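The structure under discussion appears below in the form of structure tokens.
Predicted, not measured: the structure shown is a model, and the values here were computed from it.
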Amino acid sequence: MSLNVDDDELVSEMDEAPSFASSLPVPNVQEMVRNNPLQVPERYARSQEELEKVNHMPHLSSEVPVIDLALLSNGNKEELLKLDVACKEWGFFQIVNHGVQKELLQKMKDAASEFFELPAEEKKKYAMDSSDIQGYGQAYVVSEEQTLDWSDALMLVTYPTRYRKLQFWPKTPEGFKEIIEAYASEVRRVSQELLSLLSVIMGMQKHVLLELHQESLQALRVNYYPPCSTPEQVLGLSPHSDANTITLLMQDDDITGLEIRHQGGWVPVTPISDALVVNVGDVIEIWSNGKYKSVEHRAVTNKNKRRISYALFLCPQDDVEVEPLDYMIDSHNPKLYQKVRYGDYLRQSMKRKMEGKAHIDVAMTEDSESDMRNKDE
């Protein structure tokens, strides 16, 4: 094989790494807090109207489902029922006994914490390019007018490996890259196990959803939420649902920040040591024809403590066509969503600010949109 052919193949492989969405540059929140801990710039402050609408429901935190993955994988009927109820009524649940080693979870936490404590100039070496969201910075900033989130993030595509843009993978602290790889690999295994089980509760063979993720896209987002002198004025992450299949999140053990929309209010998800929080994404909502709901969630900040969370997003490949599966449609359950190409759906969601569940409307049929409007009136 000639050198020219090899070069062409290398270029072709590099060209396969996709871009996702551009984001406007904004100040680094962590540095802003370091320089002036009492300041909350106007662009981060939520409106009084928005704040008055908040209905906190901490008394429901203990009701967020907790599922034993080891029992679930062994076909335990009680755990399968809990999974079904969790996906229908909550869109969120926590899993324990998932098989990811505690030592690896702690290594990921320690390395990420060390990265965010690096000097600003060191972290800027991995700053997001203006044309994409991989790297260190803030994503989903689409206008100069939108209210900003009180957080910074490190975002990396982890699978397929050819999609990795390694120039954005931190070389400091030493070994961070290898820890990210190990963590992503283990959580990917858990996500594939969950896809098999979701297939089962949707009345299908175990392999059905896995086959729709044969070379699935997986991305890591490590969120850093600095403390805020007036946490009631800001949000660490705006309310949104996830435009993917499922998300698996590791939280800090000692501080609550994730809140989910339930029964018209916001329910804090209390961290359980070594557990992973799982949420249903828009893709599962569409495939299940609305039986399982992707639920709005957000992150709040804390007055005295910083918080870090670690989200892994599992997505179909760009070319997968997403629409309600035949198994989920019958005379009593008409088709609620139209077919969308996943790559187009994902990028459209990234080109707008995070705003509740507004984006899934693009996949709804006209009849289902009309029904939703009538329910709201």
Side-chain angles (χ1 to χ4, degrees), residues 57 59-69 71-73 75-96 98 190-191 193-206 208-210 212 239-249 258-270 272 275-298 314 322-337 356-357 359-361 363-365 367-369 371-372 374-376:
M57 303 173 74
H59 59 285
L60 293 181
S61 292
S62 61
E63 296 184 22
V64 177
V66 179
I67 295 174
D68 187 315
L69 188 59
L71 291 176
L72 188 63
S73 298
N76 183 285
K77 291 183 179 179
E78 184 178 336
E79 295 301 302
L80 279 168
L81 179 60
K82 282 169 66 176
L83 178 63
D84 181 61
V85 171
C87 293
K88 279 193 293 193
E89 297 184 2
W90 287 88
F92 269 79
F93 52 95
Q94 299 203 60
I95 54 172
V96 295
H98 43 64
V190 175
S191 70
E193 207 168 328
L194 286 168
L195 284 181
S196 296
L197 295 161
L198 287 167
S199 290
V200 171
I201 63 171
M202 289 168 72
M204 304 180 293
Q205 296 292 316
K206 273 189 171 186
V208 174
L209 292 184
L210 276 173
L212 292 167
H240 65 286
S241 65
D242 290 347
N244 62 329
T245 307
I246 54 174
T247 303
L248 294 91
L249 177 87
L258 172 64
E259 295 185 342
I260 60 179
R261 175 79 78 177
H262 185 70
Q263 296 178 356
W266 290 105
V267 179
V269 180
T270 305
I272 298 173
L276 295 172
V277 181
V278 182
N279 66 278
V280 169
D282 293 351
V283 172
I284 289 290
E285 177 168 333
I286 295 170
W287 274 334
S288 70
N289 199 36
K291 179 181 180 181
Y292 302 137
K293 300 291 187 185
S294 66
V295 169
E296 269 185 84
H297 50 286
R298 66 181 195 171
L314 186 74
V322 180
E323 64 179 328
L325 297 167
D326 292 342
Y327 306 88
M328 310 306 295
I329 302 170
D330 56 35
S331 58
H332 301 291
N333 298 286
K335 186 175 180 179
L336 299 178
Y337 305 90
K357 284 178 61 67
H359 185 60
I360 203 169
D361 292 349
M364 283 186 165
T365 63
D367 288 343
S368 63
E369 279 191 274
D371 289 345
M372 290 297 290
N374 291 336
K375 285 178 183 178
D376 292 339

Could you tell me the separation between the [atom1] atom of [X] and the [atom2] atom of [Y], rounded to the nearest 0.5 Å?
X	Y	atom1	atom2	answer
Ser199	Met204	OG	CE	4.0 Å
Glu296	Asn279	CD	CG	12.5 Å
Leu276	Ile67	CG	CD1	12.5 Å
Ile246	Leu314	CD1	CG	5.5 Å
Lys291	Tyr327	NZ	OH	14.0 Å

Task: side-chain contact (heavy atoms from CB on, under 4.5 Å) against Val64, all qualifying residues, sequence neighbours excluded - done: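 Trp90, Ile260, Val267.
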TODO: Not counting sequence neighbours, which residues clear side-chain contact (heavy atoms from CB on, under 4.5 Å) with Asp330? List them please.
DONE: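 So Asp330 forms a side-chain contact (heavy atoms from CB on, under 4.5 Å) with His332, Asn333.
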TODO: Please step through side chain to side chain contact (heavy atoms under 4.5 Å, CB included) for the pair Met57 and Trp266, ending with a clear verdict.
DONE: CA-CA 6 Å; Met57 303 173 74; Trp266 290 105; over 6 Å; no
Open item on the list: Suppose we screen for ring pair (Phe, Tyr, Trp, His ring centres under 6.0 Å). Which residues come up paired with His297, at least two apart in sequence or across chains?
Closed with: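 Per chain and number, His297 pairs via ring pair (Phe, Tyr, Trp, His ring centres under 6.0 Å) with Phe92, His240.
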TODO: Kindly indicate, with the supporting measurements, whether the criterion side chain to side chain contact (heavy atoms under 4.5 Å, CB included) is fulfilled by Leu195 and Leu212.
DONE: CA-CA 10 Å; Leu195 284 181; Leu212 292 167; over 6 Å; no
Whether the side chain of [X] engages the backbone of [Y] through a donor-acceptor N/O pair (distance < 3.5 Å, no angle test) should be reported.
X	Y	answer
Asn289	Pro334	yes
Ser61	Thr270	no
Gln94	Val269	no

Open item on the list: Test side chain to side chain contact (heavy atoms under 4.5 Å, CB included) on Leu197 and Leu69; report intermediate values, then the result.
Closed with: CA-CA 10 Å; Leu197 295 161; Leu69 188 59; 3.9 Å; yes
For residues 78-88, dump all side-chain donor-acceptor pairs below 3.5 Å to protein atoms at least two apart in sequence or in another chain.
from	atom 1	to	atom 2	distance (Å)
Glu79	OE1	Asp68	N	2.9
Glu79	OE2	Lys82	NZ	3.4
Lys82	NZ	Val66	O	2.8
Asp84	OD1	Tyr292	OH	2.5
Asp84	OD2	Lys88	NZ	3.1

Considering residues at least two apart in sequence or located in another chain, which fulfil the side chain to side chain donor-acceptor pair (under 3.5 Å) criterion with [X]?
X	result
Thr247	Asp242, Asn244
Ser191	none
Glu285	Ser294, Tyr337, Lys357

Open item on the list: Ignoring hydrogens, what is the shortest heavy-atom contact between Leu60 and His262? Give both atom names and the distance.
Closed with: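 It is CD1-CD2, 4.0 Å.
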Open item on the list: My understanding is that only residues two or more places apart in sequence, or in another chain, count here; which of them pass salt bridge (charged side-chain N to carboxylate O under 4.0 Å, His left out) with Lys206?
Closed with: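 Applying salt bridge (charged side-chain N to carboxylate O under 4.0 Å, His left out) to Lys206 gives none.
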TODO: May I ask you to test the Thr245-Leu209 pair for a side-chain heavy-atom distance under 4.5 Å?
DONE: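 Side chain of Thr245 against side chain of Leu209, heavy atoms only: no contact under 4.5 Å found.
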Open item on the list: Can you confirm whether Leu258 sits close enough to Pro268 that some side-chain heavy atom of one is under 4.5 Å from a side-chain heavy atom of the other?
Closed with: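 When only atoms from C-beta onward are counted, Pro268 and Leu258 do not touch, as no gap falls below 4.5 Å.
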Task: Residues Glu323, Lys335; criterion side chain to side chain contact (heavy atoms under 4.5 Å, CB included); working and verdict - done: CA-CA 9 Å; Glu323 64 179 328; Lys335 186 175 180 179; 2.8 Å; yes
